[in-house]
Amino acid sequence: MGLGLYEKDPDDTDWDLDIIDYLIPGIKSKNAKYSEQDYELLSEGKGRMAGDLSQIDWEEWTMQRLTGTMKIRYWGGVARNKFRLVGFDRQDKIRVCKECGEILRVYDGPNDSIGSYVRYIQDNYVYCFAHQLSLVNSTYLKYKAKLKDADLTLSDFASMIPFAVSTLEFMPQNKDLVMKDPFEEPDEFFLRRQKEDDFETYSQ
């Protein structure tokens, strides 16, 4: 059962090997091979077959190597069908440096002196045992207004009761800033990738 994403230590990533694997698929990734698009780009003198790295979205490429999917396999009395998703609370976050705590920015070329925040959206899922789902839901609805008045989320609620759990409770946390309000424009790219990760996770 997939429970969310976790961060990897940059020192544990072999960046050189990953670049070589991109240029020559199969070096690291099992059964990877060149696509038809690769051959089309090669005919134009572009693409990875020509040693061209301009097609890489470096921010996405880096994030893919610094995040992984947390998965836990349950057996017997706590098999997958014994769990139910209560819901999730969404956090709009801004990345900060782990070392100095400064807000990180990305810059669009040498003429961009301001840059933009490295922002992302994190969904924190709350689960409970199937036979307690109605109890959890009714309890949450009973106190939902009071929780909102106290600026408490569904994850906070899960941490207060013994029969529900949020991914925030056992996943390693960073010092990234949590925004009080959602971003004015949603990060469509992140949401699309997250949806793909969720589909892959739950399909397994």
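Only a predicted model underlies this, so the values are computations on that prediction, with no experimental measurement involved.
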Item to check | Steps toward side chain to side chain contact (heavy atoms under 4.5 Å, CB included) verdict (Lys33, Asp38) | outcome: CA-CA 10 Å; Lys33 57 184 180 181; Asp38 288 322; over 6 Å; no
Item to check | Criterion side chain to side chain contact (heavy atoms under 4.5 Å, CB included) on Leu85 and Val126, from CA distance to verdict | outcome: CA-CA 6 Å; Leu85 176 66; Val126 174; 5.8 Å; no
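Donor-acceptor pairing under 3.5 Å is recorded for the side chains of Asp156 and Thr153. Donor-acceptor pairing under 3.5 Å is recorded for the side chains of Asn124 and Gln122.
With Asp176 as the partner, the salt bridge (Lys or Arg N to Asp or Glu O under 4.0 Å) test is satisfied by one option alone out of Arg119, Lys98, Arg95: Arg95. Residue Phe83 is tested with Phe163, Tyr125, Phe129 for a ring-ring contact (aromatic ring centres under 6.0 Å, His included); the sole match is Phe129.
Stacking of Arg84 on the aromatic ring of Tyr127 is not recorded, the 6.0 Å distance cut-off and the 45° axial limit not both being met.
The aromatic rings of Trp61 and Trp15 lie tilted to each other, with the angle between the two planes from 30° to 60°.
Annotation for Val86 and Cys128: closest pair CG2-SG, 3.7 Å, computed over non-hydrogen atoms.
Heavy-atom neighbours of Lys8 NZ from other residues, nucleotides or ligands within 6.0 Å: above the threshold of 12.
Under a 3.5 Å cut-off, the side chain of Asp21 and the backbone N or O of Asp18 do not form any donor-acceptor pair.
Criterion: ILVMFWY side-chain heavy atoms under 4.5 Å apart, direct or through other members. Under it, Ile56 and Ile27 are part of a common hydrophobic cluster.
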